[in-house]
A.B. asks: 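Submitted below is the structure of interest, expressed as structure tokens.
To find a chain, count down the sequence lines: A is the first, B the second, and so on, and within it residues start at 1. What you see is a predicted model; the values in this text were computed from it and never measured.
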Amino acid sequence: MQCRSALLTKKINYFCTKFRNVIRQVIMQFTRALFFLAVLVLSQPVLLNASGHAEHAADSIQNTPIEHSHSEGHEAMTMKEEIKAHISHHLQDSYGFHLFTDTETNTHYGFPLPVILIDNGLQIFSSSKFHHGESVAESNGNYYTLYHGKIYKTDESGFMPMHDGHVHNEKPLDFSITKNVFSIMVLSFLLVLLFMGAAKSYKKSLVPTGTARFLEPLVIFVRDEIAIPNIGEKHYKKFMSYLLTVFFFIWFVNLFGLTPLGINVTNSISVTFALAIMTFIITQVSGKAEYWKHIFWMPGVPVPMKILLAPIELLGIFIKPFALLIRLYANITAGHVVLMSLIGLMFIFHSWIGSSLSFALAVSLSLLELLVAALQAYIFTMLTALYFGSAVAEHEHH
Amino acid sequence: MEIPAIVGAGLVVIGAGIGIGRIGGSAMEAIARQPEATNKIQTAMLIAAALIEGIGFAALFAV
Amino acid sequence: MEKLIEQFSVGLFFWQTILFLILLFILKKYAWKPILDSVSERENTIRESLDSAENAKKELAELQSKNENLIAEAKIERDALLKEARELKDKIVGEAKGEAKEEADKIVQAAHAAIEAEKASAIAEMKTEMASLSISIAEKIIRKELSSDDKQKSLANELVADIKLN
Amino acid sequence: MGQLIKFNSQIILVCALGFIVHVTVLQFLNLPLFDNQIIVAYVGNIILAIVIVIALLKAPPKYQNSLGFLFLLGSFLKFGFFFLVFYSNFKANGTIERPEFFAFFTPYAVALTMEAKCLINNLSE
């Protein structure tokens, strides 16, 4: 009995010292992050206030009788509606990279991006032709208009017939370099620069210098904590490139989503869908005979069970990547929505106590989002590794 | 009387929340009992939480 | 769900796939491969050096135990040698002792014999000497004593008495 | 080769049986017997199943591990077949009606089960 209590005290002591260290680290990181985030959060309202009007402009399309009544409603837009519009605008992809708008002079700061449409051949023109949704763009005799962030085919007058709230205009196949595509390009370029620089420092000596010293533990983390435990020593090597790329891509994209630039790549379903479908294809292609056997004819269970399990397992291989894509998308979207709503609350309260309270909440939520950015990248990579592991697993115990 | 689907989604989310809470609590206990197994416990916890989360999202988006 | 599908954009999906594949390819070739190779190479170097250190340690220990064995063997050999030497010494000493005793005995005997002989000769000599001395003394005395007849007579008597005593 | 012939005869037999049952049920329900491209659906599914099974059985040893993936690819091929040949006709009146659905789904399910059986046999070897 005494022995056990001694052991317990020892364990508690160990835990306490460890915990104390963790707390100390967290406080240090916290103060450091607080400064950065205060700057970050303070800059968001500026954007919020500024772009609110842009949404107003983007929503109202001239020359359409239905739209007129719609835009009249906008005249009396309350603060709440403005915030709501801004959040939904923030979550949407756009055809130009606009940083903020001066509401006084109604000038937009940012730059246009190319619009590429496949409609009677390739149509390429600058998104500045839309004038932020205020006018109809013309390209080789075709007319296009922007409505709720999507491009529709229209005529010279910009006529948009509406039936019970739905636009029935034709949507051309859209391969535009949108804000998200542009962000992905820039971030990919940054990643390449960063990691090629890191790789270069290994050429001189086996002990890295500079950024590699920071990045190497992360690479080793992905290898030792994600790839090897989930895939196994034997097969992990051929999946490493994919896992590392996915991990760093998602993490960087999530982190940049937290900056005031307003990039939200991972909260568009198309991006997460692309990532998940790659995971799906790699899993199925690298699936060994054993994997397929476990799906179609689960060994070690009675025959009726096998028949019952086969469709479930077969469905499961589609559901798994689907959950993957939804999880990433939903986490990031929810984070953005809640964070921006809290920032919006600052303007709704109009009292020093409410505003400062929501400010404090927004700051702590931003911290949480920093964690979520890394956590979601980790979970995505880990589950991907888990699926790869199940595909290449060799079950010796049968 | 018809119950709106969002109520069902809410119920599922409550269930998922309870589930994730239980996982987190149990993981904390396990870590307190065996601090040396922290890494393994964390990994298992995250996987389980992620799977439950998936159900929550499925419910939310099915609405 | 419908909202999700509505949000799906083919263009973004297309670009994400293309860009991600390009990123994957470039990073695989120019970043992950060199980094992972160097890391694993370094790990191998560390492992090898640790192994070799361990081996060296083992070898050293082996060498040490060998040395110890050698030393122990040498000790045993030395002890045996010493023992042998001691035995030899004892034997030699014993033998020497016996011989010396014999010799000494002989010498003593010889000495005894010599002493006896000397004694005998000395006695004999002494006797002669004494005789001569006695004669000379006697002569002197006689010459002195025998100046008078009386004295000569008494002395002669005395001397004779004395000589008889001897 | 023996396996292939066995499978071919089996699938034709089972599908023929399925077709007879299908038509009998349609007869009972007083529905038109040979509507909704039912012949095309059966023949197409049989041909696709045979193609997939040939791919499964004749796969080079290098792809022996990816038989399940080939199976999935076969399913995508079938979906392609469905969307090319049937979807527009079925959707002509806005919705896919029950007889239309079963006209494609019955042979599809039968062929899929047969394929899965063949695949399982192959995997269990």
A.B. asks: Quick one: pull up NZ in A/Lys293 and CD1 in D/Ile120 and give me the separation to the nearest 0.5 Å.
C.D. replies: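 Between A/Lys293 NZ and D/Ile120 CD1, I get 11.0 Å after rounding to 0.5 Å.
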A.B. asks: More than 12 foreign heavy atoms under 6.0 Å from NZ of A/Lys237: is that the case here?
C.D. replies: no
A.B. asks: For A/Leu314, which atoms come within 4.5 Å of any heavy atom of chain D: side chain, backbone, both, or neither?
C.D. replies: side chain
A.B. asks: To check you understand the geometry: which heavy-atom pair defines the closest contact between D/Phe69 and A/Trp292, and what is its length?
C.D. replies: N-CZ2, 3.1 Å
A.B. asks: To the closest 0.5 Å, what do you measure between CZ (A/Phe296) and NZ (D/Lys117)?
C.D. replies: 15.0 Å
A.B. asks: Counting only heavy atoms not in D/Phe79, do more than 12 fall under 6.0 Å of its CZ?
C.D. replies: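 Not more than 12 within 6.0 Å, no.
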A.B. asks: If contact means a heavy atom pair closer than 4.5 Å, which residues of residues 282-289 of chain A contact chain D?
C.D. replies: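 Under the 4.5 Å heavy-atom cut-off, A/Gln284, A/Val285, A/Gly287, A/Lys288, A/Ala289 qualify.
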A.B. asks: To the nearest 0.5 Å, what is the distance between CG on D/Leu72 and CD1 on A/Ile281?
C.D. replies: 11.0 Å
